[in-house]
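I am attaching a structure below and will ask some questions about it afterwards.
By convention in this document, chain letters (A, B, ...) are assigned in the order of the sequence lines, proteins followed by strands, and residues within each chain are numbered from 1.
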2 protein chains.
Amino acid sequence: MKRKVSLKDIAQKVGVSTALVSYVLNGQEKQKRVGEEIAQKIKQAAKELNYQPNQIAKSLKSGKTHTLGLIVADIANPFSANIARIIEDEAKQHKYNVVFGSSDENAEKAWDLIKVLLNRQIDGFIIALAENAEEQIQYLKEHHIPFVLIDRYFPEVQASYVALDNFKAAYDGVEHLIRKGYKRIGMINFESGLFHLQERTRAYHQALQDFNLSAEPGWYREVNEDRLKDDMEQHLQQLLLSEEPVEALFLASNKIAINGLKFINERKLRVPEDVAIIGFDETDAYDLFYCPVTHIRQPMAEIGRNAVQALLKLIDGDDTQTQLNLEATLVVKSSC
Amino acid sequence: MKRKVSLKDIAQKVGVSTALVSYVLNGQEKQKRVGEEIAQKIKQAAKELNYQPNQIAKSLKSGKTHTLGLIVADIANPFSANIARIIEDEAKQHKYNVVFGSSDENAEKAWDLIKVLLNRQIDGFIIALAENAEEQIQYLKEHHIPFVLIDRYFPEVQASYVALDNFKAAYDGVEHLIRKGYKRIGMINFESGLFHLQERTRAYHQALQDFNLSAEPGWYREVNEDRLKDDMEQHLQQLLLSEEPVEALFLASNKIAINGLKFINERKLRVPEDVAIIGFDETDAYDLFYCPVTHIRQPMAEIGRNAVQALLKLIDGDDTQTQLNLEATLVVKSSC
DNA sequence: TTTGTATGTTTAAACGTTTAAATTTAGTTT
DNA sequence: AAACTAAATTTAAACGTTTAAACATACAAA
């Protein structure tokens, strides 16, 4: 890679000091009252040499990299990928770049990512927290590193976040099932201490209670992310193919829903006749299923955009915290 | 953000020059024969102060950022997202980070991305080319910037790439249909000058010819990415619901397949009775469709890993080009 | 003529590293 | 004791920017 053109090269060509070149190329010719004629020459030379400023040098000087770090559970998950795209676009609009990393829901990995990205001097983080990551927030706060949480947050820790009103979203979903007349309503959620998932569970129970429906303990099931397929098989078997199957099922995430639908497909169960379904998040799968699936859609674009804007505010030194619990949309199809 | 600990701080604390600290912390204590005792003190101090080297400064000095630029069409597309994840992991193993950008299949945007990332001094690119991007390759080559193409490449331009043997993959798919006894075989592909897509079309025609099947021109259709839904509607209408519908359909990408399946779902067509289907790429949709879809699977992990390895080789100054056309797998389900 | 002011330009230090070269110190040969 | 060698450490420049401060020049005012 032949050495790139630097300020010095331009300075040399025009016959001035690098300072002048810097002033002109940064639009400070007026304030620093650079001579009209020389300014022109400098601009001309910059163009001729196709000068591209070295951002690394700029960063070293300014301490700013104009880069945001994005940490998600897994960039290969459509939810993360979609949000990543939105964040990328929003960041680009503000002339920021995005470096990303996947934590695999693993606090250890998330730590590594944070450390690595910090050493690369990114200006701030957008993070979808892993479980047991309170420490990390604490660290970021102590070191005054700007960050915004998305999707998940810890209610007891003070921090900026842009998330879903998970309770309301899930409540609305379960209520929808109830109003459709289903009485035996089951739910499958991840086995997880994450607040946003627990909120969905809380909403399920609350809704059943509010509408005076009984809730057999066995109707609520938890699956482990790492054994997703097996756990789903096992629980669905019990929920749907036992003596007294549930009539309706609330599947609390896109991955859970996809697995659930696959099971239903394989066993040739009829939706909504044998079991009504309501899913969470979005996936092509919902539309492609023989019976399009009613689901709870998160406002992805809003989440992404708000997160970037909140983060940039923090980076710019405006310390007001942003705490958004956005509303989901119930997309009614024909699965219940 | 309180100022971070620098070499100077450690030097000061121990009472030596920064040079020594640098030597020790970079494991050069032996070659530079740093005193045993002082070396210990330095390490100790570094630990106590929790020293984290400033990578920006290192980069400025070395000209290396240990960061790879990844340019895909759209990070929100599962294909891109999956590859991104694999690339991320492989890069991490070699202590590299990944910055990404989406080109939206738009040469202009891809240019911007390249420029921006170059100014950030990334060490090399992994690129899924947009159409009309020959120039960009030329530019990268002229400037001796290491890069590896994935998924797409221009056969007439000499460059490292890791891609699929699209011709063989598609040929195998069509041959599968033929061997199943289908005679009237249609195909839907993107309207695009991209070589990898054209190869799929070429394979379709070649296979039909090799097996002495007639190929009505109307059986081959092209859709425009931006009008995907409408175009698909229109062509499927003609292909499947006209006087003489095709018996089987080769859908040449995941997006096309998903749209096609949605159409089939809406119109309540039977697969494979009314029409047999073979899809390209992977998507949950294939498994979720009431009749699991036979498809051509790309070896994503191989593509990603090979791309990173090839790129790192180039970065390390080994100029041998990597040109891989990997084989796809035909995943036989029940749609044909 | 001196002083002052406005205008235009350069100098030099700084950001946090790396590293070749110079320097100091101690030890060994003559 | 002089000369040399080896070991340990420092110095200073460099990477490519930015920017406060110093400097130079011209011109007007006293």
Side-chain angles (χ1 to χ4, degrees), chain A residues 1-43 45-46 49-67 118-123, chain B residues 1-43 45-46 49-67 118-123:
Chain A
M1 209 184 314
K2 51 187 163 191
R3 213 180 54 52
K4 293 223 339 184
V5 180
S6 76
L7 276 191
K8 210 187 269 181
D9 298 315
I10 299 181
Q12 222 138 51
K13 173 156 179 170
V14 179
V16 294
S17 70
T18 60
L20 273 197
V21 181
S22 174
Y23 291 145
V24 170
L25 264 28
N26 286 304
Q28 304 195 275
E29 34 184 321
K30 287 277 135 57
Q31 307 155 55
K32 305 290 176 172
R33 32 188 187 211
V34 178
E36 179 70 16
E37 194 180 346
I38 290 212
Q40 280 311 315
K41 273 197 202 160
I42 289 174
K43 286 183 191 164
L49 297 177
N50 184 29
Y51 169 71
Q52 305 284 136
N54 180 326
Q55 300 294 340
I56 295 287
K58 280 195 174 185
S59 294
L60 180 57
K61 195 81 228 300
S62 67
K64 300 271 158 230
T65 53
H66 265 238
T67 303
L118 274 183
N119 294 349
R120 295 255 193 300
Q121 311 292 119
I122 57 153
D123 295 341
Chain B
M1 207 181 320
K2 52 188 163 190
R3 214 180 52 53
K4 292 222 344 184
V5 181
S6 75
L7 278 192
K8 210 186 274 180
D9 298 315
I10 300 182
Q12 222 139 52
K13 173 157 179 167
V14 180
V16 294
S17 70
T18 61
L20 272 198
V21 181
S22 174
Y23 291 145
V24 171
L25 264 26
N26 286 305
Q28 304 194 273
E29 35 185 320
K30 287 277 135 57
Q31 308 155 55
K32 305 291 176 170
R33 33 193 184 207
V34 178
E36 179 69 16
E37 194 180 347
I38 287 212
Q40 280 312 315
K41 272 196 204 162
I42 288 174
K43 286 182 190 163
L49 297 177
N50 184 28
Y51 170 70
Q52 304 285 138
N54 179 328
Q55 299 295 340
I56 294 286
K58 281 197 175 185
S59 294
L60 181 58
K61 195 81 227 301
S62 67
K64 301 273 160 230
T65 53
H66 264 238
T67 302
L118 275 182
N119 294 349
R120 295 253 195 301
Q121 310 294 116
I122 57 153
D123 295 342

Min side-chain heavy-atom separation B:Gln55-B:Thr67 under 4.5 Å: no

Between C1' of D:dA20 and CD of A:Gln28, the distance in whole Å: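 Answer to the nearest Å: 12 Å.
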
Atom NZ of A:Lys13 with >12 non-hydrogen neighbours under 6.0 angstrom: yes

Out of D:dT19, C:dT10, D:dA7, whichever nucleotide has its closest atom nearest the side chain of A:Ser17: C:dT10

Most 5' of A:Asn26 and B:Arg33 on DNA chain D, judged by nearest nucleotide: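 Taking each residue's closest nucleotide, the earlier one in sequence belongs to B:Arg33.
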
Heavy-atom side-chain proximity of B:Val21 to B:Val14 below 4.5 angstrom: no

Atom-pair distance (CG on A:Leu7; P on C:dT10), nearest Å: 14 Å

Distance in Å, B:Ser22 OG paired with B:Gln28 CD, rounded so as to fall on 0.5 Å steps: 7.0 Å

Among C:dT17, D:dG16, C:dT10, the nucleotide that comes nearest once only the side chain of A:Leu20 is considered: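 In terms of side-chain proximity for A:Leu20, the closest of C:dT17, D:dG16, C:dT10 is C:dT10.
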
Nearest listed nucleotide, side chain of B:Ala19, among D:dT18, C:dT17, D:dT11: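 Shortest atom-to-atom distance from the side chain points to D:dT11.
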
Base of D:dA20 paired with side chain of A:Tyr23 (donor-acceptor, under 3.5 Å): yes

Atom pair CZ/CG of A:Arg120 and B:Asn54 - distance to nearest 0.5 Å: 11.0 Å

Spacing of CD belonging to A:Gln40 relative to CD1 belonging to A:Ile42, to within rounding of 0.5 Å: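 Atom-to-atom, A:Gln40:CD and A:Ile42:CD1 are 10.0 Å apart.
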
Exam field: side chain A:Thr65 to backbone A:Gln121, donor-acceptor pair closer than 3.5 Å: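 Yes, A:Thr65 side chain to A:Gln121 backbone: donor-acceptor pair under 3.5 Å.
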
Euclidean distance, atom CD of residue A:Gln31 to atom C1' of C:dG8 [Å, nearest integer]: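 Between C1' of C:dG8 and CD of A:Gln31: 15 Å.
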
Residues touching DNA chain D, which here means a heavy atom under 4.0 Å, drawn from residues 54-62 of chain B: B:Leu60, B:Lys61

Length of the CD1-P vector between B:Ile42 and D:dT9, whole Å: 8 Å

Between the first and last five pairs of the helix from C:dT1-D:dA30 to C:dT30-D:dA1, the angle of the axes, rounded to 10 degrees: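 End-to-end axis angle for the helix from C:dT1-D:dA30 to C:dT30-D:dA1: 90°, rounded to 10°.
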
Whole angstrom value for the distance that separates C1' of D:dA21 from NZ of A:Lys32: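 Atom NZ in A:Lys32 sits about 10 Å away from atom C1' in D:dA21.
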
Distance test, side-chain N/O of B:Ser22 to OP1/OP2 of C:dT17, below 4.0 Å: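 So the side-chain polar atoms of B:Ser22 never come under 4.0 Å of the phosphate oxygens OP1 or OP2 of C:dT17.
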
Residue pair A:Val5 / A:Asn50, side-chain heavy-atom distance below 4.5 Å: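 In short, these two side chains do not touch, never coming nearer than 4.5 Å.
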
Point-to-point distance, once rounded to the nearest 0.5 Å, from CG of A:Asp123 to CG of A:Leu118: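 Going from CG on A:Asp123 over to CG on A:Leu118, the span is 10.5 Å.
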
Protein-nucleotide distance (B:Ile38, atom CD1; D:dT9, atom C1'), rounded to Å: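 It works out to 8 Å between those atoms.
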
Atom-to-atom span, CZ of A:Arg120 to P of C:dT17 - whole angstrom: 14 Å

Between D:dA14 (P) and A:Lys8 (NZ): distance, integer Å: 7 Å

